[in-house]
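Data block below; observations after.
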Amino acid sequence: MLHLASQSPRRRQLLEQIGVDFAVLDVDVPEQRMPGESPGAYVSRVARDKALAGLAGLGNPQDAIVLGADTEVVLDDEVFGKPQDADAAAAMLRRLSGRTHAVISVVWLVAAAREQSVECVSQVRFAALDEPAIAAYVATGEPFGKAGAYAIQGRGAALIEHLQGSYSGVMGLPVFETARLLHDFAIPSR
Ligand SMILES: Cc1cn([C@H]2C[C@H](O)[C@@H](COP(=O)(O)OP(=O)(O)OP(=O)(O)O)O2)c(=O)[nH]c1=O
């Protein structure tokens with residue numbers, strides 16, 4: 001049985017989109033980058049920790065497979081997670097304005113005697129945003145709970161000039177890469 005160790009409604013939706021049956025697990029993993037840790041290593045560690053916490057929460061049964069995922073926005077080697085408040089959201093959007101940043105998503109599958117992962121990196125170019133545009137977007141409330149303070153699947157789409165990579169990866173779960181991983185674990189889809 002596949003379990004999704006995530007509270008993200010986007011991840012649930014994207015996994016449903018590829019016709020996989022799964023149960024949702026509640027996990028709470030600290031997300032804090034360690035000194036000297038590269039952005040990719042950090043995203044991988046958090047995705048793995050979520051999957052392992054999910055498996056441990058189930059009591060490490062032999063037949064469970066748990067999927068953990070993490071998504072972060074990276075600019076100039078700095079990792080932008082979910083903004084704490086409106087000021088933090090506006091500050092992130094100001095930094096992203098007129099520039100290209102990376103979105104790293106890692107999907108990690110763990111089972112009792114096996115684990116495997118995939119990393120998906122996309123490049124997103126933002127339009128130049130003036131202060132009224134930033135304030136208006138923050139006021140929609142959409143930046144909260146989203147890495148980098150925007151949602152490509154929402155009104156944030158209007159801020160994006162160009163995407164190179166995976167739309168679903170930016171949203172939190174790269175579906176192509178995830179489908180391959182599930183196939184490798186012999187998890188069927190409907
Ligand atoms: C960049 C971007 C991120 N996001 C979301 C995806 C993730 O849900 C979130 C990044 O935070 P994550 O820590 O990856 O995930 P989460 O806290 O939402 O869920 P969980 O840890 O329980 O799995 O940002 C979008 O929805 N759209 C976007 O365009």
Side-chain angles (χ1 to χ4, degrees), residues 2-17 20 22-33 37 39-58 66-75 78-84 88-89 91-93 95-97 99-110 117-127 129 137-138 140-175 177-178 181:
L2 177 67
H3 296 264
L4 172 65
S6 174
Q7 302 322 302
S8 164
R10 279 85 52 180
R11 296 205 168 107
R12 212 170 302 169
Q13 179 201 328
L14 290 165
L15 205 49
E16 276 162 7
Q17 192 181 325
V20 178
F22 60 93
V24 176
L25 293 176
D26 204 348
V27 293
D28 192 18
V29 164
E31 297 190 24
Q32 188 138 33
R33 190 176 168 196
E37 191 174 35
Y42 167 61
V43 179
S44 289
R45 177 172 61 80
V46 173
R48 182 170 187 260
D49 284 353
K50 289 177 185 175
L52 289 175
L55 193 65
L58 288 170
V66 181
L67 188 159
D70 192 59
T71 299
E72 307 288 342
V73 162
V74 182
L75 181 71
E78 210 178 303
V79 172
F80 295 2
K82 293 164 279 193
Q84 294 302 315
M92 286 184 193
L93 293 164
R95 292 279 308 278
L96 299 178
S97 170
R99 297 193 59 192
T100 299
H101 63 267
V103 180
I104 305 180
S105 279
V106 172
V107 181
W108 206 291
L109 280 190
V110 296
S117 66
V118 65
E119 182 192 61
C120 172
V121 183
S122 301
Q123 304 292 329
V124 177
R125 178 164 180 83
F126 256 46
L129 307 175
Y137 185 57
V138 172
T140 66
E142 197 173 87
F144 304 105
K146 319 282 183 345
Y150 72 91
I152 195 170
Q153 71 276 22
R155 292 176 61 168
L159 313 178
I160 295 171
E161 245 173 47
H162 185 74
L163 163 70
Q164 184 188 326
S166 166
Y167 179 88
S168 54
V170 175
M171 249 181 97
L173 191 82
V175 287
E177 291 81 354
T178 302
L181 208 50

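Counting convention: from 1, in listed order, for ligands and their atoms alike.
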Nearest 0.5 Å, what's the CE-CD distance between Met171 and Gln153?
4.5 Å
Which residue owns the protein heavy atom closest to atom 2 (C) of ligand 1, what's the atom, and how far is it?
Val170 O, 3.1 Å
Check Val24 against Ser6 and note the closest heavy-atom contact, atom names and distance.
CG1-O, 3.4 Å
Is the shortest side-chain heavy-atom distance between Ile160 and Phe126 below 4.5 Å?
yes
For atom 9 (C) of ligand 1, what is the nearest protein heavy atom, given as residue, atom name and distance?
Gly145 O, 3.6 Å
Can you confirm, on distance only, whether ligand 1 has an N/O atom lying under 3.5 Å from any N/O atom belonging to Glu72?
no
Looking at Gly165, is its backbone amide N or carbonyl O close enough to the side chain of Ser122 to form a donor-acceptor pair, meaning the two atoms are under 3.5 Å apart?
no
Quick one: which ligand 1 atoms are inside 4.0 Å of a heavy atom on Ala151?
27 (N), 28 (C), 29 (O)
Pull out every atom of ligand 1 sitting under 4.0 Å from any heavy atom of Asp70, numbered as shown with elements.
12 (P), 13 (O), 14 (O)
Ligand-side contact atoms (ligand 1) for residue partner Thr71, heavy atom cut-off under 4.0 Å:
10 (C), 14 (O)
Below the 3.5 angstrom mark, is there an N/O of Glu31, backbone or side chain, next to an N/O of ligand 1?
yes
Using distance alone, determine whether Ala5 and ligand 1 share an N or O pair under 3.5 Å.
no
Salt bridge flag under 4.0 Å for residues Glu78 and Arg95:
yes
Return the option from Gly148, Ala69, Ser8, Ala147 holding the heavy atom at the smallest distance from atom 1 (C) of ligand 1.
Ala147
Is it true that a side-chain atom of Arg48 and a backbone atom of Leu52 form a donor plus acceptor pair closer than 3.5 Å?
no
For Gln7, all residues meeting side chain to side chain contact (heavy atoms under 4.5 Å, CB included), sequence neighbours excluded:
Asp26
Distance, nearest 0.5 Å, that separates CG of Leu25 from CG of Leu4
7.5 Å
Residues passing the side chain to side chain contact (heavy atoms under 4.5 Å, CB included) test with Ser97, sequence neighbours excluded, are Ala128, Leu129
So if I count the atoms of ligand 1 from 1 in the order they appear, which ones are less than 4.0 Å from some heavy atom of Ser6?
19 (O), 20 (P), 22 (O), 23 (O)
What's the shortest distance from atom 29 (O) of ligand 1 to any protein heavy atom, and which residue and atom give it?
Ile152 N, 2.7 Å
closest protein heavy atom to atom 8 (O) of ligand 1 is Arg10 NH2, 2.9 Å
Between Gln7, Glu142, Lys82, flag the one that comes closest to atom 17 (O) of ligand 1 by a heavy atom.
Lys82
Regarding atom 15 (O) of ligand 1: of the candidates Arg11, Met171, Gln153, which has the closest heavy atom?
Arg11
Look at the side chain of Glu142 and the backbone N and O of Arg155, then say whether any donor-acceptor pair between them is shorter than 3.5 Å.
yes
Identify, for atom 21 (O) of ligand 1, the protein heavy atom at the shortest distance, and state residue, atom and that distance.
Lys50 NZ, 2.6 Å
